[in-house]
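Worksheet: the structure to be examined is printed underneath.
Both ligands and their constituent atoms are indexed starting at 1 by order of listing. Note that the numbering runs from 1 along the sequence shown for the chain.
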Amino acid sequence: MRVTFLGILIALFLGIAECVKQNDFKKCQQSSFCRRLRSLSDRKTNSSVWESPYAITRGLEQLGDEAASYTWKLNNRLAPEGIAFDLAVDVLKDGLIRLRVDESGGLYQRYNQTASYILVDQPELMQASSVKITSYDDVDNLAFQTSTNQPMELKVYHNPLNVQLKNAQSGEILVDINGESLLHMEHFRHKDAEDTDNNSAFTWHSEQPFEDPNTDGLWEESFNNKPDSKPKGPEAFTIDINFPSHSHVYGIPEHASPLALPPTDGSSPRRVPYVDDPKPYTEPYRLYNLDVFEYEANSPMALYGSVPLMHAHSPRSSLAVFLLSAAEMWIDVKHPTKESTSTQWISESGIIDLFLIPGPTIEDVFSQYASLTGVSQMPQEFSLGHHQCRWNYFTSKDMLGVVSGYDSIDAPVDVIWLDIEYSDGHKYFMWDKKKFPDPVDMINKIASKGRKTVNIVDPHLSRDDEFYVFNEASDKEVLVKKPDGQSEYEGWCWAGSSSWVDMFNPASWDWWISLFKFDKWKDSTPDLFTWVDMNEPAVFNGPEITMPKDTVFYGGVEHRDLHNINGILFANLTSQALEQRQEKNSRSFVLSRSFFAGSQRFGAVWTGDNLGTWDHLRSATPMNLANNIGGIVFTGADVGGFFGNPQPEYLVRWYQTGAFHPFFRAHAHIDTKRREPYVLDEPYQSIVREVLRLRYSLLPVWYTSFRENTQTGLPILRPQFVVHPSDAGGFDIDDQFYISDSGLLVKPVVHEGAQSVDVYFAGEEPYYDYFTHEISLGSKHKGRRKSFFADLESLPLFIRGGSIIPSRQRARRSASVMSKDPLTLTIALDKNGNANGRLYLDDGHTFDYQDGAFIDRQFTFKSDRRGWTLTSSEIVPGDSYEDGNEVFIERIEVLGLKAPPKEIKVDGRPLEFSWEDGTAASSNKEDTASLLNIKKPLTKIAHDFKIIA
Ligand SMILES: *[C@@H]1O[C@H](CO)[C@@H](O)[C@H](O)[C@H]1NC(C)=O
Ligand SMILES: *[C@@H]1O[C@H](CO)[C@@H](O)[C@H](O)[C@H]1NC(C)=O
Ligand SMILES: *[C@@H]1O[C@H](CO)[C@@H](O)[C@H](O)[C@H]1NC(C)=O
Ligand SMILES: *[C@@H]1O[C@H](CO)[C@@H](O)[C@H](O)[C@H]1NC(C)=O
């Protein structure tokens, strides 16, 4: 049985064409709800009169006395009698607006539980007394302030319904809802009732005579001969959300598209740095978590994850909208004028649950969004090191060979990964004992070299009655059901005939957690971590390689209602499982392919099965930036490209890029040649080793960046518009980025044969080349690009003046052996001779930091007329991190001083130093910065110090 299936799979893979099978996936026209509701926009364009039929029929009511929560009754005057809607507006504590629309007393209840899985908490409401309400005949005006004291107004116009969020100071309209009169929520109806025959108005939107061509697909439709029975009939909604004063929109990952979202109406995109040949988009951005084989590098097609968060940005203000629906969604973007953006959102089902995130600064937007979906987990420190994966390392010996391969070339790596072939017939949890006779012994041997192991656990369970996991799931009745709601759904996946765990069933939760416990999973140890793949879910014989929409989950809910949050529940529960199996309070590490808003709480994600081609290397950075501004900061891409046998030049460029993505894992398809760093020829091998060492030397920056994200919600990878929000020249740039607040600016080289790259500098500060210390003056290059030499060994990396970079310069084999290594501080002075930096350290693997076991220090370098001082002080006192007492500073480098000091002292003790002249700072010429090198200050990192010159 297994052999036959493997045969089929191999045939499948050998026969696969070069690029994504477009025909496997729907276009908007092939999806009845998208076709139906997107056409409203065309109809509007074509008609001379177009007015929203939605109006408020009963005015504002406040729910309770205390809280700022209001409702209105809403009607569609074209809908049959008895159909009504509720509009609810909550003003949240921070000044966010939550706007909900649901059908009231409908034939069925729309799915309204997405928020309960995705939001960190029930959002706290503002005090009603803090909201000033003024009502006129046809409009209610709600005035309030954001947490940063920005006065705002929400205007609710009754007839037709129109909701506007305004900046009360400038009068600027920030968000305009139903300003285009496209809002529409399909009401539930009886299949046999007469209103289904009322084709002239079946979308209940316009009373003009209209021959609607989209009358099919209301009650059933099929795609590639895969039927969808649609038992509840049409239940889609659409809403137009306009940003009259914002020229740029970003976000709504996951798409392999430029970061600044190009319009989808076929008009020309703006200049797009990463795409050589930008083509206009005519399809909306689709959010439907899918396993897309060999996806395109530039397309609005759906991919593995969905974050329905869109940022709108202008030089004056930032804001965002978050439409919390777990159903399939399509989003159109247009620019009515150069300075404005209009969007139309179409969702197959669910309630309208829309959050307006008011800003007005970009920092406000990130912290406001984090208050909804949370910040990242503090990661296991080892997981910020380098990961080596392959489909597949086939035996224990093969695995140990990878470890010794890295050791043989003195290159660091922290984790060796096992793809699906470790398992016995793809029955995850069960090892293939012929190839891995003693998994615990293997994991221990790898751990003894300071490395961890990860293996894959997919949510499809082989329907093999010798598979205990399947048997238990079947007995507990926690498997997804067929449309009949009774029998177990069966489909094909790696394991052959399979069934899927229904994570929405609370009975699955403790059971799933128990599967990972050491007394149950004996072939596991605390050094084994988990990769959750195929959790969109991927089903080989399902429509669009996923599960039919009419399969039934817990509580009789259809798959269509919750598809996009299926994956995040696996990451959630698996992360909990890894935490709970440890006696000690240990953090988890889980990598998930499918994701949704909030996935940052449960571990890392990556961009799935990319190709080993230059355009995929180019798309990796915008994709990771999009995830980062969507809150999901622990993200990366398969280094080297999953498919293909790329040339060594390409691999080198990939390592140079991947080393600056938060999650840094090399991976390759089963048909590819081995391409681990230790099998590369020279000079490639040495270049890659240096890149890996560079990554490890900067681990203190990465770890501090994660700490910062947990406190502010700010992204770790920051595109130009986030760091320089009023520099419009940077708004379209997505091929260079900053690492958190560290001051590091990276410009990956992503073109074949490149010998130079252009870097865009903004702001007034000087930038220092990380390696050569050449200075580029931000003020001189403002809004322009500067060309840098970039042969294969060169990696364009800069420090923005005013930053202090902590690093660990001793080459080691893995992150887990570096925790007591001494630190180097690199101080790059700003134009006034000052700089700031931060360092966060803790034990890297427990939750003790929550009880104060950490070191969190602020470094301040200040110049004055007489000299300068470098001080280290505690940001938050935390002194119980014991290993921290053994960490000291072994070197301090200062870049850009005007003159050498006469003497340098710490606590009255003189320090040795050396000085190299630079010309730049003194002559305002772009040249090499001066370098002061303070040797062996040997100051303990845990203590305050003051170094004076
Ligand atoms: C709008 O008008 C154009 C041009 O006459 C036509 O091609 C298109 O089908 C119309 N669209 C709708 C939705 O009626
Ligand atoms: C969902 O809707 C039902 C029916 O209106 C309601 O009783 C329930 O509280 C709602 N659930 C959530 C989470 O809003
Ligand atoms: C997921 O995680 C959160 C904590 O972030 C928890 O409150 C929630 O109940 C979890 N479970 C599910 C099924 O999503
Ligand atoms: C058809 O739609 C019209 C509104 O356009 C409505 O007045 C009428 O009741 C509907 N007919 C049926 C049979 O529901």
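- Distances shorter than 4.0 angstrom occur between a heavy atom of Phe602 and an atom of ligand 3.
- Within a 6.0 Å radius of CD in Gln62, other residues, nucleotides and ligands contribute more than 12 heavy atoms.
- Sequence neighbours left out, the pairs with a member in residues 471-482 that pass salt bridge (charged side-chain N to carboxylate O under 4.0 Å, His left out) are Glu472-Lys520.
- The number of heavy-atom neighbours closer than 6.0 Å to NZ of Lys73, taken from other residues, nucleotides and ligands shown, is above 12.
- Aromatic ring pairs are classed by plane angle as parallel below 30°, tilted from 30° to 60° and perpendicular above 60°; the pair Tyr849 and Tyr840 is perpendicular.
- In summary, of the residues considered (Tyr554, Phe553, Trp509), a ring pair (Phe, Tyr, Trp, His ring centres under 6.0 Å) with Phe504 occurs for Phe553 alone.
- Checked by distance only, ligand 3 and Asn572 come closer than 3.5 Å through their nitrogen or oxygen atoms.
- In this structure, Leu573 is part of the shell of residues with a heavy atom less than 4.0 angstrom from ligand 3.
- Ligand 3 lies out of reach of Met503, whose nearest heavy atom is not under 4.0 Å from it.
- Here Glu579 does not pair with Arg601 in a salt bridge; the nearest charged N to carboxylate O distance is not below 4.0 Å.
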Which pairs of N or O atoms, one from ligand 2 and one from the protein, are separated by less than 3.5 Å, and what is the distance for each pair?
residue: ligand 2; atom: 2 (O); partner: Gln109; partner atom: OE1; Å: 3.4
residue: ligand 2; atom: 2 (O); partner: Gln109; partner atom: NE2; Å: 3.4
residue: ligand 2; atom: 2 (O); partner: Asn112; partner atom: ND2; Å: 2.3
residue: ligand 2; atom: 5 (O); partner: Gln109; partner atom: OE1; Å: 3.1
residue: ligand 2; atom: 11 (N); partner: Asn112; partner atom: OD1; Å: 3.4
residue: ligand 2; atom: 11 (N); partner: Asn112; partner atom: ND2; Å: 2.9
residue: ligand 2; atom: 14 (O); partner: Asn112; partner atom: ND2; Å: 3.4

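- Side-chain contact check for Asn564 and Glu536: no donor-acceptor pair (N or O, by modelled atom type) lies under 3.5 Å.
- Looking at Trp509 against ligand 3, only its side chain comes within 4.0 Å, counting heavy atoms.
- To the nearest 0.5 Å, atom CG of residue Asn112 and atom CG of residue Leu324 are 11.0 Å apart.
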